[in-house]
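The structure appears below as structure tokens.
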Amino acid sequence: MPVNVLYSTSARATGGRDGHSATLDGAVDVKLSTPKELGGAGGDGVNPEQLFATGYAACFLGAMKFVASQGGSAKVPADATVTSTVGIGPRSEGGFGLEIALEVSLPGVDRAAGEDLIAKAHQVCPYSNATRNNIDVKLSLA
């Protein structure tokens, strides 16, 4: 499906999971380290799953705000949060796979209206669209 690209960014990684990654514009610059659970030494670096989790959480919150701005959905309160949990592990088919859980907190929003907003945001969020039919994404309202 074609996309009318309005913004793009580039990043470069060296050294894999125990290396370094940065956006070419310098806005993000991180040391990488492999978690002990994946056979690494751990350490003070971040890993790709952490970066994915932070990106998905922020993007999903933005998608909820977009949906609300279009009318017909609950407004997103200023103290709303999205907690994204990304899990990685071996797949039965071989290789590795991801699973994702998004827990949304919408203080003061009626439960039915909040669930409707989350469902609509899941249809427009680019991370949700990229993962759909690909990665198990569990949505919940806190």
Side-chain angles (χ1 to χ4, degrees), residues 1-109 111 113-142:
M1 182 174 296
V3 174
N4 177 22
V5 175
L6 300 177
Y7 170 78
S8 65
T9 188
S10 298
R12 181 174 292 125
T14 57
R17 287 181 167 271
D18 290 307
H20 175 261
S21 188
T23 55
L24 299 186
D25 65 6
V28 176
D29 191 326
V30 294
K31 175 185 174 190
L32 302 169
S33 62
T34 303
K36 290 180 181 181
E37 296 87 345
L38 295 178
D44 59 355
V46 299
N47 61 64
E49 293 71 38
Q50 290 170 311
L51 296 170
F52 188 72
T54 59
Y56 202 161
C59 191
F60 197 83
L61 187 50
M64 289 191 308
K65 288 181 176 184
F66 172 79
V67 166
S69 77
Q70 302 301 298
S73 289
K75 297 293 181 207
V76 178
D79 56 350
T81 61
V82 175
T83 301
S84 174
T85 302
V86 174
I88 183 173
R91 298 174 346 128
S92 59
E93 303 85 359
F96 289 84
L98 300 174
E99 66 176 29
I100 301 164
L102 299 178
E103 182 182 47
V104 179
S105 174
L106 296 167
V109 175
R111 183 156 201 85
E115 288 173 350
D116 180 63
L117 176 63
I118 291 168
K120 288 177 179 175
H122 192 49
Q123 295 306 307
V124 301
C125 175
Y127 278 62
S128 293
N129 286 330
T131 59
R132 187 168 286 112
N133 300 321
N134 210 10
I135 298 174
D136 186 24
V137 177
K138 293 179 176 65
L139 303 170
S140 64
L141 178 60

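Count residues from 1 along the sequence. These values consider heavy atoms only, across backbone and side chains, with no hydrogens, waters or symmetry-generated copies.
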Item to check | Test side chain to side chain contact (heavy atoms under 4.5 Å, CB included) applied to V109 and L117, step by step | outcome: CA-CA 10 Å; V109 175; L117 176 63; 5.8 Å; no
Next on the checklist: What I'd like to find out is whether the side chain of M64 reaches to under 4.5 Å of the side chain of V104, using heavy atoms alone.
Outcome noted: yes
Checklist entry - Could you state the interatomic distance from CG (L139) to CD1 (I118), rounded to the nearest 0.5 Å? => result 7.0 Å
Checklist outcome for this item: Closest non-hydrogen atoms of S73 and V67, given as atom of the first, atom of the second and distance, are OG-CG1, 3.4 Å
Checklist entry - What are the two closest non-hydrogen atoms of C125 and A63, and how far apart are they? => result CB-CB, 3.7 Å
Checklist entry - Would you call K120 and E115 a side-chain contact if the rule is heavy atoms closer than 4.5 Å? => result no
Checklist entry - Any side-chain heavy atom of S33 within less than 4.5 Å of one from N47? => result no
Next on the checklist: For a quick test of reading the model, state the closest non-hydrogen atom pair linking F96 to P90 and the distance between them.
Outcome noted: CD2-N, 3.7 Å
Item to check | All side-chain hydrogen bond (donor to acceptor under 3.5 Å, both in side chains) counterparts of N133, not counting sequence neighbours | outcome: none
Item to check | With D18 via salt bridge (Lys or Arg N to Asp or Glu O under 4.0 Å) - residues at least two apart | outcome: none
Checklist entry - Side chains of L61 and F66: does their closest heavy-atom pair fall under 4.5 Å? => result no
Item to check | Student check: side-chain heavy atoms of L38 and R17 closer than 4.5 Å | outcome: yes
Item to check | CD-CD1 distance between E99 and I135, expressed to the nearest 0.5 angstrom | outcome: 10.5 Å
Next on the checklist: With a 4.5 Å cut-off on side-chain heavy atoms, are Y56 and V86 touching?
Outcome noted: no
Next on the checklist: If I take atom CD from residue E37 and atom CD from residue E49, how far apart are they, to the nearest 0.5 angstrom?
Outcome noted: 10.5 Å
Checklist entry - Between D44 and K31, is a side chain to side chain contact (heavy atoms under 4.5 Å, CB included) present by the stated rule, with each step listed? => result CA-CA 8 Å; D44 59 355; K31 175 185 174 190; 2.8 Å; yes
Next on the checklist: Would the distance check show the side chain of S105 and the main-chain N or O of T81 forming a donor-acceptor pair, the cut-off being under 3.5 Å?
Outcome noted: no
Checklist entry - If we ignore angles and hydrogens, is there a donor and acceptor under 3.5 Å between the side chains of Y127 and S84? => result no
Item to check | Within 6.0 angstrom of R91 CZ, more than 12 heavy atoms from elsewhere | outcome: yes
Item to check | CA sep, side-chain torsions, deciding dist, call: L102, S140, side chain to side chain contact (heavy atoms under 4.5 Å, CB included) | outcome: CA-CA 6 Å; L102 299 178; S140 64; over 6 Å; no
Checklist outcome for this item: When rounded to the nearest 0.5 Å, the distance separating CD1 of I100 from CZ of F52 is 4.0 Å
Checklist outcome for this item: Minimal heavy-atom distance between S8 and V5, with the atoms involved, is CB-CG1, 4.3 Å
Next on the checklist: A side-chain contact here means heavy atoms from C-beta on lying under 4.5 Å apart; do L141 and R111 qualify?
Outcome noted: yes
Next on the checklist: Please evaluate residues E103 and T85 with respect to the criterion side chain to side chain contact (heavy atoms under 4.5 Å, CB included), reporting the C-alpha separation (whole Å), side-chain torsions for both, the decisive distance (0.1 Å), and the verdict.
Outcome noted: CA-CA 8 Å; E103 182 182 47; T85 302; over 6 Å; no
Checklist entry - Closest heavy-atom contact between L106 and G114? => result CD1-CA, 3.7 Å
Item to check | Euclidean distance, S21 OG relative to D29 CG, rounded to 0.5 Å | outcome: 8.5 Å
Checklist entry - Residues two or more places apart in sequence or in another chain: which of them pass side-chain contact (heavy atoms from CB on, under 4.5 Å) with L6? => result N4
Next on the checklist: For the residue pair H122 / N129, report whether a side-chain donor-acceptor contact shorter than 3.5 Å exists.
Outcome noted: no
Checklist entry - Is there a donor-acceptor contact under 3.5 Å from the side chain of T23 to the main chain of A27? => result yes
Next on the checklist: Is there a side-chain contact between K138 and D136 in this structure, where contact means two heavy atoms from C-beta onward sitting under 4.5 Å apart?
Outcome noted: yes
Item to check | Heavy-atom pair of closest approach, residues P77 and P107 | outcome: CG-O, 3.4 Å
